[in-house]
Amino acid sequence: MYLSSEWKTEIFTTHGGEATNTGSAEGQVALFTKRIAHLTGHLKKNKKDFATQLSLQKLVGKRRALLAYLYKKDIQRYRAIIKALELRDIIK
């Protein structure tokens with residue numbers, strides 16, 4: 001399974017500071033990004049999987065909300081996570 005505990009630990013260590021800091025906004029954005037990439041690949045193969053499509057839309061909305069929070073809270077952290085994950089700057 002792609003959501004193994006070792007995989008999550010690696011993501012939170014890389015982006016959240018430490019493995020136990022699972023609530024950090026950067027770690028959550030990184031986790032959502034990996035999950036979005038996985039679901040996008042699934043939907044390319046299974047075009048009529050509407051339940052997965054709804055889940056993907058919800059994840060994108062959650063990630064966008066977290067990025068908006070980071071933008072308001074600390075713009076440097078926002079810019080760092082955008083650069084690290086190679087995301088577009090969505091806040092205008």
Nearest-0.5 Å distance that lies between atom [atom1] in [X] and atom [atom2] in [Y]:
| X | Y | atom1 | atom2 | result |
| --- | --- | --- | --- | --- |
| Glu26 | Ile82 | CD | CD1 | 11.0 Å |
| Lys83 | Asp89 | NZ | CG | 13.5 Å |
| Gln28 | Arg35 | CD | CZ | 9.0 Å |
| Leu56 | Thr40 | CG | OG1 | 4.5 Å |

Could you check if a side-chain atom of Leu85 sits within less than 4.5 angstrom of a side-chain atom of His15, using non-hydrogen atoms only?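 Sidechains of His15 and Leu85: in contact.
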Taking the side chain as everything from C-beta on, heavy atoms only, tell me whether Lys72 gets closer than 4.5 Å to Tyr78.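 Heavy-atom side-chain distance check fails, nothing below 4.5 Å.
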For [X] against [Y], the heavy-atom pair lying closest together:
| X | Y | value |
| --- | --- | --- |
| Phe32 | Leu66 | CE1-CD1, 3.6 Å |
| Leu70 | Arg77 | CD2-NH2, 3.6 Å |
| Leu43 | Asp49 | CD2-O, 3.5 Å |
| Ile11 | Ala30 | CG2-CB, 3.7 Å |
| Leu31 | Phe12 | CD2-CZ, 4.0 Å |

Could you give the side-chain donor-acceptor pairs of residues 57-65 under 3.5 Å, partners two or more places apart or in another chain?
unit_1	atom_1	unit_2	atom_2	d
Arg63	NH1	Thr33	OG1	3.3

